[in-house]
Trainee: 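My structure is below; once you've seen it, I'll send some questions.
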Amino acid sequence: MLQAEDIGGVDTGDASNDEGYERFVESALASECAVYQLSDSLFVVNGWDQQLNMSTASWYHLQMTNIGAELIVVCLCPQARADNTNCFHTHFVREYQAEMFPRSDMFAKREIHISHFSTPSLDNRGFKNRVVVSFEGNNSGNGRWKCNRDPAQNCPHINACRHALQKYVSGNIEARDNGKMPNIALAPHIRPAGRGDMAVSYLTIPPPRWVSLEGDPDFGPPRTPLHEPPALIRLTETSTCCCSIPRCYYASSAPIRQRPCIIYGMTRSLSSSVEIQACQLCKHRFIGPDCGQELGIFNFNNRIMFTHDVLDDYTNNYTTSETPFSAWVSTTTRRYTIYESGRPFVSEKIFRSVWFAYVKLQYFGKDMICPTCGPCPDTTIWDGVTLAFHRKHLLPTLEPPTTLHEQAISRDKTNYVGGQQLLPDSKLRKIVRSIIIGKGLALSAEESAGEENAEGDEEGGGEIAEKAKQEMLRRAGLIPGACEKLMEVNEGLGSIFMKHFGIGSLLDGVIPSSVYRRLLLQQIAAEESVLQMAIQSALDLLDVFTQNPTFTNASALVNIPALHDVLSHEFHLYKKASISIIDVCKWIVQRGRSVLNKLLVSPALEHDNIIRDNDARWETTGCCYGMPQIRLRPKYPALKHDVRGDIGGKRGAKCSKFYSKYGERRLTGGIMCVWCTHSVCYGFHCIPRGEGRNDVFSAIITRWPTPPKRVIYDFACALGPYCMTREPEFFANTLFLIDDFHSKDHTKCSEAAFLKTYCSIDPRLLAINSSAGECGNSGIARIRKSVSYMSQDRAVLYTKTFMSVWNRFRIRKIKGVV
């Protein structure tokens with residue numbers, strides 16, 4: 001936020017001072033010295049200190065108007081008022097008026113997009129007495145207001161601007177700010193007038209040598225660091241002006257002139273000259289050489305240039321450790337002092353604009369794919385990261401995979417299907433868990449003797465023992481009814497329960513094996529869907545086993561861990577599977593397929609034939625994946641809460657873990673990242689509000705031709721049902737698993753959703769690094785603070801550059817490149 005108070009400094013300026021004016025133009029075009037157009041004729045501008053050649057924190061009004069055929073520009077900065085001459089501000093507005101400062105009756109509509117207002121004084125409404133009011137916040141008027149003249153929060157100038165804001169937002173001339181926070185969409189953030197991150201250089205720049213990959217394009221031999229400047233940087237056939245797209249190219253027949261330029265390197269600035277040619281399109285800018293591929297120099301504006309190695313040095317620093325622009329610029333400025341550079345390093349604002357213009361051109365392609373896992377990894381690890389920027393910077397161009405398009409197919413028949421548990425009777429599930437969970441009901445002789453000896457203990461201990469005894473009696477009393485009801489569901493299931501947990505085994509002091517406890521808790525009496533316990537391919541293998549119950553077929557049931565343990569136990573003791581367990585297996589197959597058939601109401605999901613350029617527009621959409629978009633997210637009109645966010649709420653009624661609340665206040669919802677098991681990021685997208693199941697579902701649906709075999713997510717317990725409700729055929733063979741790090745927080749979830757449960761059965765899964773996402777997140781934490789202060793487009797570019805560098809280091813390590 002630019003401050004409104006005057007911090008001192010002498011504001012001078014003389015348009016005849018060519019060198020000083022050129023430095024001013026550089027700062028204005030790089031957005032270092034702000035020039036805000038508030039309306040057709042009214043501006044506010046930063047002050048300018050000519051002695052230091054830098055902007056100040058002062059704000060002044062400037063007015064542009066026509067009197068007859070003459071364009072009148074009047075500025076109220078100190079130099080213009082003292083000398084009654086044209087200052088740098090007026091000269092700049094005159095020169096760039098046609099290109100940068102449009103005059104239109106509709107321009108006032110843009111005032112809602114900026115954070116500065118100009119209001120007349122209460123006692124004098126003339127231009128000279130107007131007051132600048134700064135605002136940082138959203139369209140509701142809730143935020144930080146600051147008056148340039150009156151420091152009080154409730155000054156009349158602020159109140160007038162609060163009312164003016166609501167008039168623009170609502171389009172109602174009678175609207176007033178009532179102090180409340182209406183539910184109005186945030187306005188896009190517009191930077192000050194300037195060319196932003198455009199530069200004279202425009203050709204693709206090679207990635208830094210320390211992260212280059214074998215498949216990168218051939219950019220020619222590596223360039224050595226520049227120690228001596230070229231005497232003259234000449235125009236070539238590739239020279240252009242940055243004023244428009246397509247660009248205006250160098251014409252050999254047009255006149256050429258030379259001008260001095262400064263080249264900023266690692267340790268000092270170097271003086272040189274550059275050939276330029278007047279642009280025939282904009283009439284006031286100049287065509288200049290790209291000089292990147294020949295000299296390793298980035299031409300920003302024909303006045304200031306930077307060697308590639310100094311720009312790559314910032315990339316190296318911020319991807320290695322937390323390094324904001326301000327810290328790096330301070331370090332480089334001190335280095336210039338040590339090496340006695342004739343000219344100091346540029347300001348932070350200018351360097352920031354130069355660096356973003358530079359990395360926009362840098363090649364970071366084909367680095368979101370792991371050489372080991374391939375384009376579509378079998379195991380994907382998803383995680384939301386609190387890498388967010390301020391909500392006031394949200395632009396309407398943001399387009400995450402969750403966006404609903406008019407052209408998307410509509411799944412009108414898809415609806416919620418209740419009762420997907422293996423045991424449909426919720427009361428029976430609760431009774432079974434009540435019997436099994438807790439201290440074993442069967443007591444050994446030693447335990448019985450211990451209880452008799454405890455009768456003579458102190459009174460308090462006796463009461464506790466009595467309550468425990470009553471609780472055990474209550475649980476034992478549930479056993480006959482549970483056996484009867486389980487027999488009605490399936491005779492084999494009832495027989496197993498009666499044999500291991502029935503009254504007979506209780507009286508005989510038989511302690512049931514833990515494998516039967518896990519089968520009943522993880523599979524039979526769990527609150528999760530039967531399809532979470534047994535995916536379609538597992539049901540098919542289970543069906544094969546029921547028809548031919550051999551040990552070989554039983555050992556293939558690794559995707560049903562609890563049942564696999566029971567069968568292994570029985571084959572170990574009895575050399576065969578019991579009739580009862582085979583009967584239970586048949587029942588599980590029948591029940592699982594029945595639930596799946598209820599969900600299969602829509603045809604299979606196919607690629608759509610719509611050609612889109614979303615992947616090429618990742619800088620504006622905030623959605624960047626290594627694989628192209630092949631579908632639009634379908635619509636599900638019958639699902640009432642289809643796209644409702646999960647912010648700050650539970651991940652389902654059966655899960656005890658809550659969603660993070662980090663995105664509920666000032667910042668956006670961060671980003672959703674997907675990793676392979678080697679910590680290579682396959683893509684990310686910005687989340688406008690907060691992380692939810694829809695982010696993972698939509699990303700897979702829109703980009704994966706076939707779904708991954710395993711989706712690891714910290715809330716897979718809720719993601720699985722979410723995906724199966726919408727696209728059951730697509731996700732029928734996908735395992736949704738919670739990684740080891742987060743599983744400890746899911747105290748109410750069945751262990752059938754835990755990755756570690758499957759690893760204990762299938763040793764092949766031990767190679768999965770379920771913490772790969774957390775490793776990536778720890779790296780991303782280095783840029784969290786910097787991103788929180790950026791606008792949307794810069795935050796996306798900054799994040800993508802970090803991800804590419806991160807991936808390239810890991811790819812080089814996998815390939816053994818040092």
Trainee: Determine whether the side chains of Ser602 and Thr414 contain a donor N or O and an acceptor N or O closer than 3.5 Å.
Mentor: yes

Trainee: So, for Lys815 and Pro371, which heavy atoms are closest and what is the spacing to 0.1 Å?
Mentor: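 In terms of heavy atoms, the two residues are closest at CE-CB, 3.9 Å.
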
Trainee: Answer whether the closest heavy-atom distance between the side chains of Leu387 and Ile783 falls below 4.5 Å.
Mentor: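 Yes; the side chains approach each other to less than 4.5 Å.
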
Trainee: Quick one: does any side-chain atom of Tyr682 pair with a main-chain N or O of Met627 as donor and acceptor, under 3.5 Å?
Mentor: no

Trainee: Check whether any side-chain heavy atom of Val674 lies under 4.5 Å from a side-chain heavy atom of Ile381, and answer yes or no.
Mentor: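 Result no, sub-4.5 Å side-chain heavy-atom pair not found.
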
Trainee: When the ring planes of Trp355 and Phe325 are compared, do they come out parallel, tilted or perpendicular, using 30° and 60° as the limits?
Mentor: perpendicular

Trainee: Kindly determine whether Lys800 and Ser804 satisfy side-chain hydrogen bond (donor to acceptor under 3.5 Å, both in side chains), including the steps that lead there.
Mentor: CA-CA 6 Å; Lys800 169 58 170 65; Ser804 290; 2.6 Å; yes

Trainee: Validate the cation-pi geometry between Arg726 and Tyr722: distance from NZ or CZ to the six-membered ring centre under 6.0 Å, angle to the ring axis within 45°.
Mentor: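 Yes, Arg726 sits over the ring of Tyr722.
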
Trainee: Can you tell me how the ring of Phe345 sits relative to the ring of Trp328, calling it parallel under 30°, perpendicular over 60° and tilted otherwise?
Mentor: perpendicular

Trainee: Are Glu751 and Lys756 close enough for a salt bridge, meaning some N to O gap below 4.0 Å?
Mentor: no

Trainee: Might you work through the side-chain hydrogen bond (donor to acceptor under 3.5 Å, both in side chains) test for His678 and Asn769, ending with a clear yes or no?
Mentor: CA-CA 7 Å; His678 303 94; Asn769 176 19; over 6 Å; no

Trainee: Tell me the closest heavy-atom pair linking Asn299 and Cys291, and the distance in Å.
Mentor: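 Nearest heavy atoms, Asn299 then Cys291: CB-SG, 4.1 Å.
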
Trainee: Is Thr702 reaching over with its side chain to a backbone N or O of Pro401, donor-acceptor style, under 3.5 angstrom?
Mentor: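 Absent.
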
Trainee: Please confirm whether the backbone N or O of Ala538 pairs with a side-chain atom of Asn559, one donor and one acceptor, at under 3.5 Å?
Mentor: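 Judged by distance alone, no pair lies under 3.5 Å.
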
Trainee: Would Asp309 and Arg223 pass as an ion pair if we require N to O under 4.0 Å?
Mentor: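 So Asp309 does not pair with Arg223 through a salt bridge.
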
Trainee: Can Asp378 and Arg710 be counted as an ion pair, charged N to O under 4.0 angstrom?
Mentor: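 Salt bridge: no.
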
Trainee: Apply ring pair (Phe, Tyr, Trp, His ring centres under 6.0 Å) to Phe298 and Phe306, showing your working.
Mentor: CA-CA 5 Å; Phe298 180 70; Phe306 294 77; 7.5 Å; no

Trainee: Counting distance only, does the side-chain N/O of Glu399 pair as donor-acceptor with the main-chain N or O of Gly622 below 3.5 Å?
Mentor: no

Trainee: Has the side chain of Tyr318 got a donor or acceptor atom that lies under 3.5 Å from a matching backbone atom of Phe802?
Mentor: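 At least one qualifying donor-acceptor pair exists.
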
Trainee: Would you say Thr734's side chain and Pro708's backbone share a donor-acceptor pair under 3.5 angstrom?
Mentor: yes

Trainee: One thing to verify: whether Asp216 and Arg808 come together as a salt bridge, which I'm taking to mean a side-chain N less than 4.0 angstrom from a carboxylate O.
Mentor: yes

Trainee: Answer yes if the side chains of Thr380 and Trp382 hold a donor-acceptor pair under 3.5 Å, and no otherwise.
Mentor: yes

Trainee: If you compare all heavy atoms of Asp313 against all heavy atoms of Arg335, which two are closest, and at what distance to 0.1 Å?
Mentor: OD2-NH2, 4.2 Å

Trainee: Is a side-chain donor or acceptor of Arg810 paired with a backbone partner of Trp806 at a separation under 3.5 angstrom?
Mentor: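 Between the backbone of Trp806 and the side chain of Arg810 there is a qualifying donor-acceptor contact (under 3.5 Å).
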
Trainee: Does Thr403 reach the main-chain N or O of Pro400 with its side chain, forming a donor-acceptor pair under 3.5 Å?
Mentor: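 Confirmed, Thr403 side chain pairs with Pro400 backbone.
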
Trainee: Does the side chain of Leu605 come within less than 4.5 Å of Glu729's, by heavy atoms?
Mentor: no

Trainee: If you count every heavy atom of other residues, nucleotides or ligands that lies below 6.0 Å from Lys635 atom NZ, does the total exceed 12?
Mentor: yes

Trainee: What heavy-atom pair brings Pro705 and Phe730 nearest, and what distance separates the two atoms?
Mentor: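 For Pro705 versus Phe730, the nearest heavy atoms are O-CE1, 3.6 Å.
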
Trainee: Strictly by modelled atom types, are Asp312 and Tyr358 linked by a side-chain donor-acceptor pair under 3.5 Å?
Mentor: yes

Trainee: Side chains of Val346 and Val354: closer than 4.5 Å at any heavy-atom pair?
Mentor: no

Trainee: Can you label the angle between the Trp704 ring and the Tyr625 ring as parallel, tilted or perpendicular, going by 30° and 60°?
Mentor: perpendicular

Trainee: Under a 4.5 Å cut-off applied to non-hydrogen side-chain atoms, are Met724 and Gln420 in contact?
Mentor: no

Trainee: What's the shortest heavy-atom distance between Gln536 and Leu596, and which atoms?
Mentor: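 Distance-wise, the nearest heavy atoms are NE2-CD2, 3.6 Å.
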
Trainee: Taking the side chain as everything from C-beta on, heavy atoms only, tell me whether Thr379 gets closer than 4.5 Å to Lys709.
Mentor: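 A side-chain contact under 4.5 Å is absent here.
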
Trainee: Charged N to carboxylate O under 4.0 angstrom, Arg812 versus Asp367?
Mentor: no

Trainee: So, the side chain of Arg411 versus the backbone of Tyr636: is there a donor-acceptor pair under 3.5 Å, distance only?
Mentor: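 It does not hold such a pair.
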
Trainee: Taking Ala562's backbone N and O only, do any of them form a donor-acceptor pair with Asp565's side chain (distance below 3.5 Å, no angle check)?
Mentor: no

Trainee: Taking all heavy atoms of Ser201 and all of Leu361, pick out the closest pair and write down the distance.
Mentor: O-CD1, 3.3 Å

Trainee: Using the six-membered ring wherever Trp is involved, compare the ring planes of Phe351 and Tyr314 and label them parallel, tilted or perpendicular (cut-offs 30° and 60°).
Mentor: perpendicular

Trainee: Taking the side chain as everything from C-beta on, heavy atoms only, tell me whether Leu667 gets closer than 4.5 Å to Phe389.
Mentor: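 No - every pair of side-chain heavy atoms lies 4.5 Å or more apart.
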
